[in-house]
Protein chains: 2
Amino acid sequence: MLTQERRAQVADVTDLNQLKCELNALQAVDVGDCIVEMPPEQRAIAFRLLNKDHAIAVFEYLPPEVQEELINSLQDTQVCQIIEAMQPDARAELFDELPAGIVKRLVQQLSPAERQATATILGYAEGTAGRAMTTEYVRLREGLTVGEALSKIRLADGDKETIYYAYVTDNNRKLVRVVSLRQLLFSLPEARIRDIASSRVIKAYTEMPQEEAAQLMKRYDLIALPVVDREDRLVGIITIDDVVDILEEEATADIQKLAGVSGGDEAALSPPQVTIRKRLPWLLGNIGLYIGAASAIAPFQKVISLVPVLAVIMPILSNTSGNVAIQALSVTVRGLGVGEVTPKDTLKILRKEILAGLGTALALGLALGILSLIWSSQQEWWVALVAAMVMGINVFIAATLGTLLPMGLKRVNLDPALISGPLLTTMLDAVGFLTFLTLVSLALHMVGNG
Amino acid sequence: MLTQERRAQVADVTDLNQLKCELNALQAVDVGDCIVEMPPEQRAIAFRLLNKDHAIAVFEYLPPEVQEELINSLQDTQVCQIIEAMQPDARAELFDELPAGIVKRLVQQLSPAERQATATILGYAEGTAGRAMTTEYVRLREGLTVGEALSKIRLADGDKETIYYAYVTDNNRKLVRVVSLRQLLFSLPEARIRDIASSRVIKAYTEMPQEEAAQLMKRYDLIALPVVDREDRLVGIITIDDVVDILEEEATADIQKLAGVSGGDEAALSPPQVTIRKRLPWLLGNIGLYIGAASAIAPFQKVISLVPVLAVIMPILSNTSGNVAIQALSVTVRGLGVGEVTPKDTLKILRKEILAGLGTALALGLALGILSLIWSSQQEWWVALVAAMVMGINVFIAATLGTLLPMGLKRVNLDPALISGPLLTTMLDAVGFLTFLTLVSLALHMVGNG
C-alpha cells in the first residue's frame, strides 16, 4: 500500500517521462490517489500518460468530482473510449453524479449494448441490488458441454467482471443453475452443464436493498451473486469487491447515525463547511428538544434551592441512564445491521434486556444511593433513597427502550439507526428529571420540609 | 436465505429419512443453523445423517460450543475425518476454543501435514494476518508453462481454499509473482509463468494486524491475499470470505466500544449474564469517574440554592457538548478504522475540526444564551452570558478532544476506540461544570449578590 508520503512524492514528479514510468508501475487505485493529490491543472496531463487499459482502470477509482474534471479537460474521443470501457455499475454511479447535460451527451456516444446496460441499472432505485449490480456476467445454456462452456468463457472474457461463476438460464432467460469455474475445470470436457451445475442457486432480487444482498453473499461465502427480476430472469450480478464496500459503508452509516451525524456519510477529511452541515442541524434540533427535558426542571427551582444536592445527583442520573441506553441501542442496531437478529427476535431480546436491565438497575441504583448518602446532609437521607429508586427505574427504561425502539423501527421498515444515542438520552432525561424532582417534592412534603 | 420459521420447521422434523433429505438439500450454513436450533441430544443424530462432504462443510459453520458437543458425542473415527478435512484456519479457530486435553488428543490423530499447518497458524498471535490465513494455496515455480501450471492446479484441487490465484515462489520459497486463474486461462499453454505472472504483488506480513490485511484486500479488490514471513517467504493466504467477516467484526467492535461495551463483542442474542458482564463493569467504573465530574458541583451548592436556574442550564451544557464530542469521536474512529485517515493526517483533521468547532460553538453558544435569557429572572441576565460563553468553550474543546484523543491513541498504536463516547463526556462534564460554576460564582460577587 502506498503511504501518504510516497503519494505526495509521485504527485510532485515534474519530469513527464519519469512520471509516466512511475504511474504505469503502480496499481490503478494508487495511481488514482496520486492523481487526486495533484493540483487540478496537472491531473489531465498525468492521466494522458497512462497506458490505455490502465487509464480505464484508474478512471474507475477516481472520486466523481475528479472524474467530471477529467471529462471536461480530456479530448472527446478519449472520454468516449473510457466511458465505453467502464463496468456498467461504475458507469451508472458516475452518471448519477454528473450534470444531466453531460450525461446526455455521453450516453449518445455509447454503443447500443452499453447504453442498454446503463439504462437497465439506472432504472433501479439507489441503494437496491439492481443499482449495485453489473450486467457483464457469463451466461450459459443447460445443453452445453463443459468444453463448449470453457471455450465460450475464453472467448467472452475481457469485459466480464468475473468469470469465476457462470449462470445457467432456460429459454425464457430464467436463472436455473449456477456453476463455478472450479467445477468446470475439474469436470470432463464432454460432461453436460445441466449435470454438473447446481440448482441450489442463492440469488438477489433487483429491488432488494443492497445491504441484504451483501449479507447473503457474506452468509454463503460467495464471490458473485446473481440478481433476478420479478419474473426470475437473470439481469446482472453483484461482485464481492462491491459487497465489501457496501458493508463498510453501511457500518460507517450506522456508527455516524447513532452519533447523530445526519446522513451518516461524513468523511473524516470532509471540509469544515460539510462537517458543520452534517452535524449542526441535528445539534440545534437536539438542543431544541432538550428544552423539553430541561423544562421539566424549571418548575422545581424552589425545591432545588432548598435541596441543592439535587443539582449534583441529576447529572449522574442523566449520564448513567444515557450510557445504559446507548449500550443497548448500539448492540441492537448493529445486531440488526449484520442480520444477526430480525424483528422476529423482539421477544427473545426483550426478555434478555429485561433480565440484564434489572440486574444493572439494581447495581447502579445501589451505587447512586450510597453516593448520595455520602453527599447529602444527615437530614436528607431520603434523597438518597429517592435517587436510588429513580436510577433503578430509569436504567431499566433505558435498557428496554434502547432495544425496543430500533427493533420497532426495523419492523415498520425504517432505518433502526434513526434513533441516535443522544436522541434517546434526551427522552430519558425528560422522564428522569420529572420523576426524580416530583418524587423529591412529594418526599419533602412528607418529611415536613416543604 | 432460510427464514427463522423454516429453520425451526426443519429442526422439528422427527422422521429421520425426511430429515436426511431436507438437510442434504440445504446449503451448509443453513444446515448449521438448523442443527443449532435442535435440542442438544438430537444434534449428533442429525449430523450423522449428512453426506460426508456436506458434514465437513456444515461442521465449519457451527459455533464452537456445538462443535465441542459433537466432538464429544460422535465416534472417534468420524471426528478424526472431519478435523483432518477442515481448512487449517477453521481448525486453528476451533482448537483455540476447545479444552487443552481434547486439542491434544485431536492433534495426535492428525496427519503430519495437517498437524504442521495447524501448528504454523497457531504459532501467530490472535488477531494477526498469520492467525487468519490458511496454508492451503496454489504455489507455482517460475519456470513452468501455463499448460503445466493448469495441470498442477487441476491435480491439486480439493483441499485448496481458492484456485483463482496462484503464487509464484523462487528457490528460497520467496514470493515473487502472482497470477490469476483468469490470466492462465487466457494465455497460450506454452507460455511461461514468469512471462505472464505479475511482479506487482500485494502481500501481508504474518504479524500484521488482520484488519490491516483486510483493508489491503478491500483497497486492491483482491479475492485472496498472500501472507509472507519476515524473510518474504510465502506461508499462507487470506481469502475474501474471511476478510468480509474480519471487517464486519471490526466495525461491530468499534460501534460497541464507542458505546462502552467492554471487548466490543457482545452478540445481540447473548444471554443476560453475558450482557451484564460486558456492560456493568464499565458502567460502574463510569459512575465512579463521574463522582469526579459531579464533585465539581458539590462545593457550589450554596451558589445553586441562590441561582437555581443553574440546575436547568447545566444538563443542557453537559448534553450538548457531549453530543459534539461523540460526533467528532465517531467520525474519527471510523475514519481510522477504514484506513481513510492515519495519524499523519492529524494536523489536517485538527484544522478542519477547529474551524467546524468554532462555527458550531458560536451557533450553540448563541442558542443556549437565548434560552437562558428566557428562563432566568431579569436580574440574572448575566447567567445567560456566562452560559453562552462556557457552552462555546466547551463545544470547542469537545470537538477538538473528540478528534485528537483517538488520533493520539492510534499514533501510539493503541485502539482508538478505547476512548468511548461516555468516557469523553464524563471528562467534558467535569471541566464544564467546574468552569461554569466558577465563572458564575465570580459573576455573583461582581454583580454583588454573593
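All chains are named by letter (A, B, ...) in the order of the sequence lines, taking the proteins before the strands, and each is independently numbered beginning at 1.
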Flag side-chain contact, heavy atom, 4.5 Å: B:S318 against A:P315: no

Side-chain donor or acceptor of A:R154 paired with backbone N/O of B:L185 under 3.5 Å: yes

Engaged part of B:A25 at the chain A interface, taking heavy atoms whose separation is under 4.5 Å: backbone

Heavy-atom pair count under 4.5 Å with chain A, highest-scoring of B:V244, B:V29, B:V333: B:V29

Audit row: B:R334, A:E248, salt bridge (Lys or Arg N to Asp or Glu O under 4.0 Å) steps and yes/no: CA-CA 10 Å; B:R334 185 60 182 162; A:E248 289 270 276; 3.6 Å; yes

Pairwise distance CG(B:L280) to CD(A:Q327) - rounded to 0.5 angstrom: 8.5 Å

Heavy-atom proximity to chain A below 4.5 Å, by part of B:M391: side chain

Residue B:I223 versus chain A: region with a heavy atom under 4.5 Å: side chain

Positive for side chain to side chain contact (heavy atoms under 4.5 Å, CB included) with B:Y290, one of A:L368, A:T320, A:N319: A:N319

Contacting moiety of B:A267, where chain A heavy atoms sit under 4.5 Å: both

B:Q301 CD to A:S305 OG distance, which is reported to the nearest 0.5 Å: 12.5 Å

For chain B, the option from A:I349, A:T332, A:L364 that forms the most heavy-atom pairs under 4.5 Å: A:L364

Check: B:Y220/A:D241 side-chain N/O donor and acceptor closer than 3.5 Å: no

All salt bridge (Lys or Arg N to Asp or Glu O under 4.0 Å) counterparts of B:E60, not counting sequence neighbours: none

Stepwise salt bridge (Lys or Arg N to Asp or Glu O under 4.0 Å) check, B:D33 with A:R219: CA-CA 11 Å; B:D33 279 355; A:R219 180 174 170 82; 2.7 Å; yes

CE on B:M314 to CE on A:M314, rounded to 0.5 Å: 7.0 Å

Region of B:V307 in contact with chain A, defined by heavy-atom distances below 4.5 Å: neither

Residues in salt bridge (Lys or Arg N to Asp or Glu O under 4.0 Å) contact with B:E340, at least two apart in sequence or another chain: none

Contacting moiety of B:I255, where chain A heavy atoms sit under 4.5 Å: both

Heavy-atom pair count under 4.5 Å with chain B, highest-scoring of A:L283, A:I276, A:V341: A:L283

4.5 Å side-chain heavy-atom contact, A:V331 and B:R279: yes

Segment of A:I316 engaging chain B (4.5 angstrom heavy-atom cut-off): both

Distance-only side-chain donor-acceptor flag, A:D221 / B:Y61, under 3.5 Å: yes

Most chain B-contacting option - heavy-atom pairs closer than 4.5 Å, from A:G359, A:G337, A:G260, A:G322: A:G260

Engaged part of B:A367 at the chain A interface, taking heavy atoms whose separation is under 4.5 Å: side chain

Region of A:L247 that comes under 4.5 Å of a non-hydrogen atom in chain B: both

Nearest heavy-atom neighbours spanning B:A363 and A:L284: O-CD2, 4.4 Å

Which of A:P271, A:G335, A:A251 touches chain B most, by non-hydrogen pairs under 4.5 Å: A:A251

Structural part of B:I326 lying under 4.5 Å from a heavy atom of chain A: both

Which atoms of B:E353 approach chain A - backbone, side chain, both or neither, heavy atom under 4.5 Å: side chain

Approximate separation, where rounding is to 0.5 Å, of B:L310 CG and A:I304 CD1: 9.5 Å

Chain B contact via A:A293 - side chain, backbone, both or neither, heavy atoms under 4.5 Å: neither

B:A268 backbone acceptor or donor facing A:K352 side chain under 3.5 Å: yes

Proximity breakdown for A:V324 and chain B, heavy-atom pairs closer than 4.5 Å: both

Part of B:V261 lying under 4.5 Å from any heavy atom of chain A: both

Heavy-atom closest contact (B:I297 atom, A:A311 atom, distance): CD1-O, 3.5 Å

Residue B:N323 versus chain A: region with a heavy atom under 4.5 Å: both

Rounded distance (nearest 0.5 Å) linking atom CD1 of B:I163 with atom OG of A:S180: 7.5 Å

Approximate separation, where rounding is to 0.5 Å, of B:L181 CG and A:L181 CG: 5.0 Å

Enclosure of B:R351 CZ (heavy-atom neighbours >12, cutoff 6.0 Å): no

Test salt bridge (Lys or Arg N to Asp or Glu O under 4.0 Å) applied to A:K218 and B:E249, step by step: CA-CA 12 Å; A:K218 187 184 106 175; B:E249 276 164 29; over 6 Å; no

Greatest number of heavy atom pairs closer than 4.5 Å to chain A - which of B:A214, B:S270, B:G357, B:A28: B:S270

